[in-house]
Amino acid sequence: LMAHSGDLEGQLMCRGLQADLFIRDGRLLEALEIARVTLAQPEDTLSVWERYRAHARRTTALERLDEHDAALRAHYETLGMARRSNEPALLANALGGVGGLQSSLLNLVDAITLCDEAWALCELTDWHGVVQLVGANRLGVLSGLGRHEEAVAMAEAMIAREPLFPSRHREVRQG
């Protein structure tokens, strides 16, 4: 990609959409290459949201490749970027993502700390997709830790918010 060939951010966004399709189709190495090129661009080339999406594509591809060490490193890079952004929704999503991976790796002590911080940030956002992700991850971690009363309260909080979740999330849960 060359900066003089048009709107670079627009080009990178289109490539990002291609990476999403590659991830969907299992073409993970191709998706990783697009994320690498995007993330190599100077900081001011992309909006914070588009840079975050490139980070998210990278972590998703690495997780699906079972590259857990690389995925953790990528998640923590994403978390650092989200902390610098001062965007509560991005930070909650990044914390929820790394908390979810830590949970799946059975590192529940680190996972609950991340998920608790993420859940507190959910009060500052109306991005219901992130609330659903963070809430579900926190619920699983609480249950895994045997903190059942808190897990029940978390489930009740999630059920109360369900009408606000993206319709595709409701359809999957009800399907």
Side-chain angles (χ1 to χ4, degrees), residues 16 19-20 23 31-32 35-36 38-39 41 43-44 46-170 172-173:
D20 290 338
I23 289 170
L32 278 173
R36 185 195 65 74
T38 301
L39 293 171
Q41 301 302 312
E43 196 74 25
D44 62 349
L46 296 170
S47 70
V48 66
W49 293 93
E50 194 55 35
R51 185 166 294 279
Y52 182 82
R53 287 291 307 135
H55 277 285
R57 289 178 186 107
R58 180 177 62 166
T59 59
T60 298
L62 288 168
E63 284 184 35
R64 291 189 184 174
L65 287 166
D66 292 328
E67 296 286 341
H68 301 300
D69 289 340
L72 275 173
R73 282 191 299 276
H75 268 293
Y76 280 103
E77 286 176 31
T78 304
L79 181 55
M81 182 243 124
R83 285 194 191 284
R84 290 187 303 276
S85 78
N86 291 322
E87 294 281 348
L90 283 183
L91 183 52
N93 204 41
L95 286 160
V98 73
L101 180 56
Q102 289 284 18
S103 175
S104 68
L105 297 173
L106 301 177
N107 187 354
L108 300 179
V109 173
D110 286 346
I112 195 60
T113 301
L114 296 159
C115 289
D116 283 349
E117 184 181 353
W119 185 247
L121 287 165
C122 285
E123 295 300 319
L124 304 175
T125 182
D126 61 357
W127 182 13
H128 302 294
V130 74
V131 171
Q132 187 271 338
L133 166 84
V134 169
N137 284 350
R138 186 170 184 268
L139 174 62
V141 175
L142 288 168
S143 181
L145 288 169
R147 293 167 52 182
H148 302 299
E149 289 180 18
E150 291 174 83
V152 168
M154 186 77 238
E156 290 170 351
M158 297 298 292
I159 290 168
R161 292 178 183 218
E162 185 180 30
L164 302 173
F165 294 160
S167 60
R168 68 181 172 83
H169 293 167
R170 284 193 310 271
V172 167
R173 194 184 75 69

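As the structure is a prediction and not an experimental result, all values here were calculated from the model.
V134 places none of its side-chain heavy atoms less than 4.5 Å from the side chain of L95. Using a 4.5 Å cut-off on side-chain heavy atoms (C-beta onward), Q132 and V130 make no contact. Side-chain contact between Q41 and R51 is present, with heavy atoms from C-beta onward closer than 4.5 Å. Using a 4.5 Å heavy-atom cutoff, the side chains of S103 and L108 are in contact. Using a 4.5 Å heavy-atom threshold, the side chains of Q102 and H75 count as separate.
Distance alone, capped at 3.5 Å, is enough to place a donor-acceptor pair between the S104 side chain and the L101 backbone. Counting only distance, with no hydrogens or angles, the side chain of S143 and the backbone of L139 share no donor-acceptor pair below 3.5 Å. R84 places a side-chain N or O within donor-acceptor distance of the main-chain N or O of G80, the cut-off being under 3.5 Å.
Between I112 and V109, the shortest heavy-atom contact is CG2-O, 3.4 Å. Between A35 and A54, the shortest heavy-atom distance links the atoms CB-O, 3.7 Å. Closest approach of R57 and A19 over heavy atoms only: CD-CB, 3.7 Å. Minimum heavy-atom separation, A111 to G99: CB-O, 3.4 Å. Closest of all the heavy-atom pairs between G96 and A118 is N-CB, 3.8 Å. The two residues A94 and A82 have their closest heavy-atom pair at CB-CB, 3.8 Å.
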If you apply the rule side chain to side chain contact (heavy atoms under 4.5 Å, CB included), what do you find for M81 with L90, and how did you get there?
CA-CA 9 Å; M81 182 243 124; L90 283 183; 4.3 Å; yes

With side chain to side chain contact (heavy atoms under 4.5 Å, CB included) as the test, would you mind laying out the steps for L32 and R36 before giving the verdict?
CA-CA 6 Å; L32 278 173; R36 185 195 65 74; over 6 Å; no

Working note: M154 + W119, criterion side chain to side chain contact (heavy atoms under 4.5 Å, CB included); need CA distance, chi angles, decisive distance, verdict.
CA-CA 10 Å; M154 186 77 238; W119 185 247; 3.2 Å; yes

Worked check of side chain to side chain contact (heavy atoms under 4.5 Å, CB included) between L72 and L105:
CA-CA 10 Å; L72 275 173; L105 297 173; 3.7 Å; yes

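Put simply, CG on L142 and CD on E150 are 5.5 Å apart, with the number rounded to the nearest 0.5 Å. The line from CD of E63 to CD1 of I23 is 10.5 Å long, rounded to the nearest 0.5 Å. For the atom pair CG (L121) and CG (L91), the distance works out to 5.0 Å, reported to the nearest 0.5 Å. One distance of note links CZ of R53 with CG of D20; it measures 5.0 Å at 0.5 Å rounding. Note: L79 CG to N93 CG = 11.0 Å, rounded to the nearest 0.5 Å. Atom CD of residue E77 and atom OG1 of residue T59 lie 10.5 Å apart, to the nearest 0.5 angstrom.
In terms of the salt bridge (charged side-chain N to carboxylate O under 4.0 Å, His left out) criterion, residue partners of R138 (sequence neighbours excluded) are, by chain and number, D116. In this view, E149 satisfies the salt bridge (charged side-chain N to carboxylate O under 4.0 Å, His left out) rule with no residue, not counting sequence neighbours.
Under 4.0 Å is where a charged nitrogen must lie from a carboxylate oxygen, and between E67 and R73 no such pair does.
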